[in-house]
Amino acid sequence: MAISFYKYQGTGNDFIMVDNRKLNFPADDETLVKHLCDRRTGIGADGLILLQDHPDYDFEMVYYNADGRLGSMCGNGARCTVRFARQLGVIEDVACFLAADGEHQASVERDLIQLKMSDVSEIEQVGEDYYLNTGSPHYVRFVDDVEELDVFEEGRSIRYNDRFKAEGTNVNFVQRLSDDAIFVRTYERGVEDETLSCGTGVTACALVAGLEGMESPVRVKTLGGELEVAFEQEGNVIKYIYLIGPAKHVFTGSFSLQQV
Ligand SMILES: N[C@@H](CCC[C@H](N)C(=O)O)C(=O)O
């Protein structure tokens, strides 16, 4: 049986998208998902996303990391899924959908997808670093020169330290560029490498920059392009968090489960 897929990317974080509304894609097969995401022997992607029906929402997004495991929230993947839902005619220009961390609203504004993220109520300070959950867990470290950094080695040493090695964490390195801009590079759990951009990571870094005095909206440079994060502090909770940036269809194809 041939399965159609759609390749999307959001600031260089790339995903295999499958319209699972009428299929029963065997995503519990970790080896299959890992193989499809492999950049040498498969299609190649940072993750695989199923768009499926849900009785209470416009759609449900189910996200798998490139290692084949079910993931948590993916900010860039969610923006791509909204663009995909628009392409399929599942939504018009607004969406209310379900992801691993709950309900999300989004809107399509020409090239940009504006995605509402979950509220954040806790930012833990770890020495001079920070740890928080923006739908996925993120460790955040400020550095003077992020371009010079070996993100793979430094990220890996934090991701596999005693605290994180069982569950894992994404690790972000941030450089302040100006009063309203930061540059973020991320080592992603589940890809176990640096990716060109990580939406929940960019969100985490912007919120930490906010904690340190930067005003919303924060402009965020990544290796794959620019994003913007807006937020409001209400008491101890950070609310109305929006991740804004482009999401693009790259190509369409099909594969056969027998050949994989
Ligand atoms: N690329 C994603 C983050 C995906 C989640 C992460 N790999 C994890 O498992 O924690 C994003 O754009 O947010």
Side-chain angles (χ1 to χ4, degrees), residues 7-17 27 30 33-34 37 39 44-50 61-84 97 99-102 104 106 112-118 120 130-140 151-152 155-156 158-161 163-174 184-208 218 220-229 231 241-248 250:
K7 183 79 189 291
Y8 274 75
Q9 62 94 5
T11 50
N13 208 188
D14 60 339
F15 307 95
I16 299 163
M17 316 288 286
E30 270 187 33
V33 175
K34 189 175 175 181
C37 291
R39 295 198 184 274
D46 293 326
L48 180 144
I49 296 173
L50 303 179
M61 158 195 170
V62 184
Y63 169 70
Y64 295 85
N65 275 311
D67 65 3
R69 298 199 191 157
L70 190 61
S72 36
M73 173 58 175
C74 178
N76 286 328
R79 295 187 308 96
C80 288
T81 311
V82 171
R83 177 75 76 201
F84 183 41
F97 66 97
D101 63 338
H104 289 268
L112 301 180
I113 307 290
Q114 175 164 301
L115 171 71
K116 187 165 186 290
M117 306 294 283
S118 298
V120 171
Y130 298 89
Y131 183 62
L132 66 159
N133 196 308
T134 51
S136 285
H138 285 278
Y139 195 90
V140 175
V151 170
F152 178 76
R156 212 172 158 73
I158 295 171
R159 186 256 180 264
Y160 283 102
N161 73 18
R163 174 168 179 187
F164 298 119
K165 70 178 166 224
E167 291 297 313
T169 185
N170 302 281
V171 184
N172 305 272
F173 298 95
V174 194
V184 175
R185 291 177 64 188
T186 307
Y187 175 97
E188 259 195 58
R189 169 181 81 165
V191 180
E192 302 311 336
D193 204 344
E194 181 178 13
T195 56
L196 292 183
S197 168
C198 173
T200 50
V202 157
T203 304
C205 296
L207 298 185
V208 172
V218 174
V220 187
K221 178 179 172 184
T222 71
L223 293 177
E226 288 209 3
L227 289 158
E228 189 173 287
V229 180
F231 52 88
I241 305 170
Y242 289 93
L243 173 67
I244 305 151
K248 293 183 181 153
V250 185

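As the structure lists them, so they are numbered: ligands from 1, and atoms in each ligand from 1.
- Where the criterion is an N or O separation shorter than 3.5 Å, residue side chain and backbone included, Asn65 meets it with respect to ligand 1.
- Atoms of ligand 1 found under 4.0 Å from any heavy atom of Met73 (numbered from 1 in listed order, with element): 4 (C), 5 (C).
- With sequence neighbours excluded, the residues that form a side chain to side chain contact (heavy atoms under 4.5 Å, CB included) with Thr169 are Tyr131, Pro137, Tyr139, Phe164, Val171.
- Few gaps surround CZ on Arg39; more than 12 heavy atoms of other groups in view lie less than 6.0 Å from it.
- In this structure, Arg69 does not count as a contact residue of ligand 1, since none of its heavy atoms falls inside 4.0 Å of the ligand.
- Taking the six-membered ring where the residue is Trp, Tyr63 and Phe15 present perpendicular rings, their angle passing 60° and hence far from 30°.
- Side chains of Asp101 and Ser118: a donor on one and an acceptor on the other come within 3.5 Å.
- By heavy-atom distance, the residue among Gly75, Ser136, Ser72, Ala78 lying nearest atom 11 (C) of ligand 1 is Gly75.
- With respect to the salt-bridge test (charged N to carboxylate O, under 4.0 angstrom), the residues Arg159 and Glu192 qualify.
- Scanning the protein heavy atoms around atom 7 (N) of ligand 1, the nearest turns out to be Arg189 O, 2.8 Å.
- Which parts of ligand 1 touch Thr200 is read off a 4.0 Å heavy-atom cut-off, strictly below it: atoms 3 (C), 11 (C), 12 (O), 13 (O).
- Contact annotation: the side chain of Leu223 approaches that of Glu194 to within less than 4.5 Å [non-hydrogen atoms, C-beta and beyond].
- Atoms of ligand 1 found under 4.0 Å from any heavy atom of Asn13, numbered from 1 in the order shown, are 1 (N), 2 (C), 11 (C), 12 (O).
- Looking only at protein heavy atoms, the nearest one to atom 12 (O) of ligand 1 is Gly199 N, 2.6 Å.
- With respect to atom 6 (C) of ligand 1, the closest heavy atom belonging to the protein is Asn170 OD1, 3.3 Å.
- Under a cut-off of 6.0 angstrom, the local environment of NZ in Lys7 is crowded, with over 12 non-hydrogen atoms contributed by other residues, nucleotides or ligands.
- Residues satisfying the salt bridge (Lys or Arg N to Asp or Glu O under 4.0 Å) criterion with Glu226, sequence neighbours excluded, are absent altogether.
- Protein heavy atom at the shortest distance from atom 2 (C) of ligand 1 is Cys74 SG, 3.1 Å.
- Heavy atoms of Asn76 found under 4.0 angstrom from ligand 1 belong to the backbone as well as the side chain.
- Residue contacts with ligand 1 leave out Gly71, since none of its heavy atoms falls under 4.0 Å from the ligand.
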